[in-house]
Amino acid sequence: GNGNGKKDEL
Amino acid sequence: MNLFRLLGDLSHLASIFILLHKIQTTRSCRGISFKTQALYVTVFVARYLDLFYRYVSLYNSVMKLFFIASSVYILYLMKYKYRPTNDPSIDTFRIEYLLGPCVLLSLIFNYKFSVTEVLWSFSIFLESVAILPQLFMLQRTGEAETITTHYLAALGVYRALYIPNWIYRYITEDGVVDPIAVTAGLVQTGLYIDFFYVYFTKVLQGQKFELPA
C-alpha cells in the first residue's frame, strides 16, 4: 500500500 | 505515467485553453462562475505548495506552474479585463457550504496531521466540489453557450480518465491505492453525470445546451 497518497499525480 | 493519466492531464489542459478561447473570442465571461474559478485557484495553490519541497519530474512541475498561473489569469480576466460581462447576481452558490465541510474533512482525513498534508487533503476535497457553483449557475440559467459546454466536458473527461488510471496503477504497482484521492475523485466524476447526459444527447448532436424547464 501507499499510505502517503499518490503525490506524483496532478 | 500511463496513457489514462496523460490523456486526463491533456484533457485538463485542453479545458483551460477552451475556457481562455471562449473568453478571448467572445470578449466575455458570461456563463462562467467566478466562484468556481476562484475555488480552482485555491485548490491549485493549496496542493501545489509542494513545488517548494518535492520534485517529481519536469512534466509535473511545469503542469503545476501552468495550472496555478492560468487559473490566476482567468480570475484576472473575469475581475478586471472583462468585468462588465461578469454577472455576480446569477453566481449565487454559497461557497461557505463547500469550504466549511472541506476544512473539516481535511482535518479528519489526511495522511499526516501536518500543515502541508492537511492542505493537500483540503485541496483534494475542495477540487471534488469546486465545479458546483458552475453547475448551479447552469441549472439556474437553463442554457449555456456551446463553447462553455465543451469546457465543462473536457474538465469532466479529465476527471473520468483518472479512474481507469487508478485501476491501472492498482494492478501494475502492486496494490497501490490512495483512498482520499480515489474517494474524492469518484464523487467529483459523479457530479458530471447529469451534465454529460445532456452534453451527449444534445450538444454532440448539434443542438443547443438547454435544460428542460
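In the text below, chain A, chain B and the rest are named by the order of the sequence lines, each starting its count at 1. Keep in mind that the numbers below use all heavy atoms, side chains included, and drop hydrogens, waters and symmetry copies.
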message: For B/Arg47, is there an ion pair with A/Glu9 - N to carboxylate O distance below 4.0 angstrom?
response: no

query: Relative to chain A, which segment of B/Tyr59 carries a heavy atom at a distance below 4.5 Å: side chain, backbone, both, or neither?
result: side chain

Largest heavy-atom contact set with chain A, pairs under 4.5 Å, which of B/Met63, B/Arg5, B/Met1: B/Arg5

- prompt: So does B/Tyr55 have more than 12 non-hydrogen atoms from other groups sitting under 6.0 Å from OH?
  reply: yes

message: Measuring only between side-chain heavy atoms, which start at C-beta, is B/Phe44 closer than 4.5 Å to A/Leu10?
response: no

query: For chain A, which residues of residues 16-24 of chain B have at least one non-hydrogen atom nearer than 4.5 Å to it?
result: none

query: With a 4.0 Å cut-off, would you call B/Arg54 and A/Asp8 a salt bridge?
result: no

query: In terms of heavy-atom contacts, does OH of B/Tyr53 have more than 12 from other residues, nucleotides or ligands at under 6.0 Å?
result: yes

field: chain A contact via B/Asp9 - side chain, backbone, both or neither, heavy atoms under 4.5 Å
entry: side chain

